[in-house]
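Structure record follows, encoded as structure tokens.
The model shown is predicted, which means the values in this text are computed figures rather than measured ones.
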Amino acid sequence: GQSCPSRSHFGSRNLHIPRFQQVWVAAQFSLPEMSCSHILVLVLVLLSVGVQADDTIGEATDLALRLADAGAGQIVQMEQQEASTALEHMSLAAAEGVPIVMMHGMGDFATNPMGMVPIGKMIASNANAYVHSVEICSKASDLSGCATQDQSNGFLMTMDDQVDQFARVVKADPKLAQGFNAVGFSQGNTVIRGYIHRYNSPPVKRFVSMHGVMMGVAAIPKCPLNVTGLGVICKSVDALAALGVYTRYVQDHLAQANYYRDPKKLETYRKDGHFLPYINNEVKGKENATYSENFKSLEKLVLVMAASDTMVKPKESEHFGFFKDGSMSELVDMRDAPWYTEDWFGLRTLDQAKKIDQFTTPGDHLRFTKDFLLSMVKKYFAKSELIQI
């Protein structure tokens with residue numbers, strides 16, 4: 001084995017030594033095939049992302065805009081004029097409808113003033129309902145006020161931990177105590193789905209998934225190194241992915257690896273993968289009946305797919321389809337797939353009760369129109385008597 005330097009080698013460098021030593025030792029143990037220099041780079045970029053002190057909305061906004069311009073990340077945007085209008089013309093009526101929870105995608109953040117904030121206001125106004133856009137902070141005790149953490153955690157916090165933090169946030173909001181409707185964007189839907197299976201208290205009533213990663217991906221979503229401000233995160237993502245998505249270290253540090261479902265390595269995925277194989281109830285001996293019962297309790301599941309999606313592979317995952325076992329080209333529709341026909345987690349039960357609706361939007365990932373989103377809000381979240389034409 002290799003002989004890597006001890007923590008004393010780093011002298012008085014400005015490092016959080018206990019945390020550094022913990023990650024350093026874990027990395028050496030988990031990744032014996034890597035050189036010390038490569039392990040050090042990986043550890044330092046992981047730590048630099050995890051301990052950012054300036055959680056400013058401005059920094060996160062700039063990064064989100066650069067991600068969107070590069071066609072990467074999972075960023076929902078509104079035109080600047082539309083965003084300003086939405087903020088200025090909020091409904092002042094009392095929120096009478098079922099409250100709504102929003103969950104953003106990878107690279108976005110809940111308090112994004114150019115996307116999630118005005119969209120939340122627009123939804124609140126049109127549904128006449130209270131809206132809570134969830135932030136995923138690094139500390140369990142922090143339920144909001146962490147813009148840059150919220151953004152980077154979409155990459156480097158495990159899906160299990162994201163779901164647990166989502167549960168803490170919604171549990172702590174008294175306005176959600178009687179249950180809520182949910183709308184997610186891309187990876188945010190995977191978080192919501194995990195919450196439904198594992199917690200669902202307070203319960204999700206109606207769930208609208210906008211281009212959600214429902215059945216996983218067969219390729220890690222791209223992370224552009226050339227986007228200013230994203231280099232450290234992308235280097236972490238790329239370094240981790242290069243090690244093999246089903247290694248323990250990668251599963252413990254890269255969110256996207258937790259829903260990477262390789263159709264040619266399903267045995268390895270089920271043995272070593274975290275999160276998705278468990279909420280899918282596809283690990284023999286680990287099936288959880290509560291996961292199915294919680295999912296079956298939904299009043300409505302709305303699945304929206306992007307017709308020309310380049311982010312989610314295969315895009316049919318957004319409709320609970322996927323590649324056939326053993327193939328990276330042949331597709332299987334939701335209703336022909338074993339997770340449906342064998343009702344692994346309640347999908348068939350929901351569908352047979354006429355509780356699943358499917359839609360397709362033209363264009364790429366999260367490039368739906370404001371009018372389409374509003375049509376979903378009015379159809380599934382607004383009380384019919386409150387809709388004004």
Side-chain angles (χ1 to χ4, degrees), residues 57 60-61 64-65 68 74-105 108-136 143-145 147 150 166 169-170 172-186 188-189 191-192 202-212 298-304 357 359 361 363 366-389:
I57 291 175
T61 304
L65 289 172
Q74 300 166 354
I75 316 300
V76 183
Q77 286 183 285
M78 289 183 72
E79 294 296 330
Q80 191 161 2
Q81 185 174 356
E82 289 181 335
S84 299
T85 301
L87 289 169
E88 290 170 6
H89 296 89
M90 292 167 50
S91 170
L92 298 179
E96 298 176 357
V98 175
I100 299 164
V101 168
M102 292 170 50
M103 187 64 227
H104 63 80
D108 208 346
F109 62 107
T111 52
N112 184 350
M114 298 308 299
M116 295 301 288
V117 171
I119 286 173
K121 302 296 185 185
M122 181 179 70
I123 290 174
S125 177
N126 282 271
N128 197 35
Y130 167 75
V131 172
H132 185 147
S133 188
V134 171
E135 293 182 72
I136 302 295
L143 305 180
S144 62
D150 186 25
F166 180 96
V169 173
V170 298
D173 187 341
K175 294 182 180 178
L176 305 177
Q178 301 305 310
F180 56 90
N181 294 326
V183 57
F185 303 92
S186 195
N189 294 290
V191 176
I192 295 170
V204 177
K205 297 177 181 293
R206 295 178 163 227
F207 176 17
V208 174
S209 168
M210 301 297 297
H211 303 169
L298 284 170
E299 295 175 7
K300 181 66 75 171
L301 173 63
V302 183
L303 304 170
V304 182
D357 290 346
F359 296 88
T361 57
L366 295 185
R367 294 299 181 260
F368 51 83
T369 64
K370 180 187 74 171
D371 287 344
F372 178 82
L373 179 59
L374 280 178
S375 73
M376 295 293 99
V377 170
K378 291 177 179 180
K379 182 176 179 67
Y380 296 106
F381 293 162
K383 291 182 179 179
S384 57
E385 66 269 20
L386 297 177
I387 298 176
Q388 296 180 357
I389 306 299

Tell me, please, which residues at least two apart from Lys300 pass salt bridge (Lys or Arg N to Asp or Glu O under 4.0 Å).
->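 Only Asp357 meet the salt bridge (Lys or Arg N to Asp or Glu O under 4.0 Å) criterion with Lys300.
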
[atom1]-[atom2] distance between [X] and [Y], expressed to the nearest 0.5 angstrom:
| X | Y | atom1 | atom2 | result |
| --- | --- | --- | --- | --- |
| Ser375 | Phe359 | OG | CZ | 7.0 Å |
| Ile100 | Asn126 | CD1 | CG | 9.5 Å |
| Asp371 | Lys378 | CG | NZ | 8.5 Å |
| Asp150 | Ser133 | CG | OG | 8.0 Å |
| Lys379 | Arg206 | NZ | CZ | 9.0 Å |

Search all heavy atoms of [X] against all heavy atoms of [Y] and return the closest pair with its distance.
| X | Y | result |
| --- | --- | --- |
| Glu135 | Val169 | O-CG2, 3.7 Å |
| Ala177 | Pro202 | O-CB, 3.7 Å |
| His211 | Arg367 | CE1-N, 4.1 Å |
| Ala382 | Ala127 | CB-CA, 4.0 Å |
| Val98 | Gly179 | CG1-O, 4.3 Å |
| Ala110 | Val117 | O-CG2, 3.9 Å |

Would you mind reporting whether [Y] and [X] have side-chain heavy atoms less than 4.5 Å apart?
| X | Y | answer |
| --- | --- | --- |
| Glu299 | Tyr380 | no |
| Ile136 | Phe166 | yes |
| Met102 | Ile119 | yes |
| Phe381 | Val208 | yes |
| Leu373 | Met122 | yes |
| Asn181 | Val101 | no |

Where the side chain of Asn112 meets the backbone of Asp108, is there a donor-acceptor pair that is under 3.5 Å apart?
->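 No, Asn112 side chain to Asp108 backbone: no donor-acceptor pair under 3.5 Å.
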
Side-chain donor-acceptor pair present, His104, Ser186, cut-off under 3.5 Å =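 Not at all, the side chains of His104 and Ser186 share no donor-acceptor pair under 3.5 Å.
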
Given side chain to side chain contact (heavy atoms under 4.5 Å, CB included), test Met210 with Val183 step by step and report yes or no.
-> CA-CA 7 Å; Met210 301 297 297; Val183 57; 4.1 Å; yes

Using side-chain contact (heavy atoms from CB on, under 4.5 Å) as the criterion, list what pairs up with Ser209, not counting sequence neighbours.
->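 Scan of Ser209 (side-chain contact (heavy atoms from CB on, under 4.5 Å), adjacent residues dropped) gives Asn189, Phe207, Met214, Leu303.
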
Decide if the gap between the ring center of His132 and the ring center of Phe180 is smaller than 6.0 angstrom.
->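 Aromatic pair excluded; centres sit 6.0 Å or further apart.
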
